[in-house]
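Just so you know, ligand 1 is whichever comes first in the structure, and atom 1 is the first atom listed for that ligand. Residues: numbered from 1 along the sequence shown.
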Amino acid sequence: MAELLGKERRTHYCGDLRESNIGEQVCVMGWVKKVRKLGSLVFVDLRDRSGIVQLAFDENSEEAVFNKALELKSEFVVSAKGTVRERSSKNPDIPTGNIEIFASEVRVLGESETPPFDIVDDCKTNEELRLTHRYLDLRRPILQNNIMFRAKVTKSVRDYLCDQGFIEIETPILIKSTPEGARDYLVPSRVHKGSFYALPQSPQLYKQLSMVAGFDKYFQIARCFRDEDLRADRQPEFTQIDMEMSFVDTDDVLAVGEGLIKHIFKDCMDVDIPTPLPRYTYRECMERFGSDKPDLRFGMEIINLTDALKGCSFPVFASAIEAGGSVRALNLKGYAEKLSRKDIDKLGEYAKGCGAKGLAWVKRADTDGGSFLKHMTDDEMNAIYKAADCEKGDILLILADSDNNKVLTQLGQLRVEAANRLGIERSGYNFLWVVEMPFFEYDYESGEWVAMHHPFTSPMDECIEYLDTDKGKVRAKAYDLVLNGIELSSGSIRITEPALQAKIFDLLGLSKEEAQVKFGYLLEAFRYGAPPHGGMGIGLDRLVMQMLGVSSLRDVVAYPKMQNAKELMTDCPAEVPASAIEELGISIVKEEK
Ligand code: ASP
């Protein structure tokens, strides 16, 4: 039976006690990690969020206290009073390893059944079972530390932005749809049957309206909801450090963004991030790294061989170039000997998986070898070697296609795969801004141009003339923040001119009527004095993941959902009583099994 807490109060967290506390009377409260019974000695490891401390019981203990210690089991919640003393056998592996508490009183505040898995960091139990009992999973020190670190980051964000004059404004969760390119989560209205709220994909329009309202600098640690098919690094709901500011241009927003990043890393990890962060245009990123979120922790940049190979004798290269495409390569410098034929074949298969027609390669050793040498003259090969700075010991991986962008993106993927396979050392935090993003993106599925960022983004001034004539040429005042190959943030300077906003809606295929119904309030607001403004949203979950060096969102989100969007602990989503559905004025069409 559990005892009452009584008048006793905790004096210390378990993990905080040190040699300096020796001789003190203390009271700790926590969970029993382990009980060791050694004849006339009993040791209990007591755990709370700060760490572990050893409780000791021996022949000098009162009999009732000693007997109580014998009854303790794993995960019992215990309050223990006693004197801190030096340990006879010290444990250098834990911060409290030099001391122990000689317990004079023990209370069981909560009993525990045998837990379904061990509460240890390297728990091998399958994730489903752990997520079903997430409150136990979260007791594991590693997750406790991750979640507490996340709280430290959010505090750091608040401190910095408040100091910079930003005002935290809570925007509503039940809203009219704000598009960010995903499907909305919808909430049926009981009062207005047949009408639905959407959960925010982001607070985008509210933060813009807050600028029209004159708040000047807004931020929010905002929950966003996107009903997408989930991938390993997605959750249906995620948190964004959302910001907006008035009277700014791109440079100003980037300065705030990088100031914030610098502050968080210093404050939470004592890591210095040199600023200003490097900036690359989108085009440059694609040309050099084949990606709009390049991992800059290693080089291996894409080399353009097109000029060197114009009219060459290998038909695959020549025809790609003739059709307006290109031939490009990666030079794996010094890896000629280390990469076996099998490795090359694997990379070839990978490239094909990315849509490449085939991988050409050439290795420079005592005698050169490669997949296409017999088709080429010595002069042509020398031209390649020169263009690619390919020397003895190097190996070139080459792709060709009539579609330039395909070659680039495929090589971009191959670049990362090759680095993974070669085990290229990647460490540190390599941030960059990607600026001058394309405004439109062609959606091959629907055959339509869609907004790459969102429709409230301003085109670059010099590109406005192409809006009607060449959408592919229109660049936006939009920027992404990338860290080690991960897109952490995106943002833009917004349109504030009602006529331009209306035109963009039109170009994105929204009729005047539709635009009015969906965003009439925004267009109207812009008619009443909209300051120039812009902002960004930084993915908090991903940021924390990168800072902690963990690979799963579930390591940094306290109560995450599974890949199938289910939350196992509460078993949600769940059916609701028919009466509740009826009240909402909707009916459910049961899926046939
Ligand atoms: N609303 C944008 C997003 O969620 C961020 C921004 O443009 O500020 O990606």
Open item on the list: With a 3.5 Å distance limit and no angle check, can you tell me whether His533 reaches the backbone of Pro531 through a side-chain donor-acceptor pair?
Closed with: yes
- [ ] Not counting sequence neighbours, which residues clear side chain to side chain contact (heavy atoms under 4.5 Å, CB included) with Cys354? List them please.
- [x] Tyr350, Gln410, Gln413
Task: Sidechain N-carboxylate O distance under 4.0 Å for Lys590, Glu575 - done: yes
- [ ] Enumerate the residue pairs fulfilling ring-ring contact (aromatic ring centres under 6.0 Å, His included) with a member in residues 187-208, sequence neighbours excluded, ordered by first and then second residue.
- [x] none
- [ ] List, ordered by chain and residue number, the protein residues whose closest non-hydrogen atom lies under 4.0 Å from any atom of ligand 1.
- [x] Glu180, Ser202, Gln204, Lys207, Arg226, Gln240, His453, His454, Ser490, Gly491, Arg494, Gly535, Met536, Gly537
List the atom pairs, donor and acceptor, that lie under 3.5 Å between side-chain atoms in residues 514-524 and the rest of the protein, sequence neighbours left out.
unit_1, atom_1, unit_2, atom_2, d
Glu514, OE1, Ser511, N, 3.0
Glu514, OE1, Ser511, OG, 3.3

Open item on the list: Determine whether a donor-acceptor pair (N or O, by modelled atom type, separation under 3.5 Å) exists between the side chain of Arg297 and the backbone of Ser427.
Closed with: no
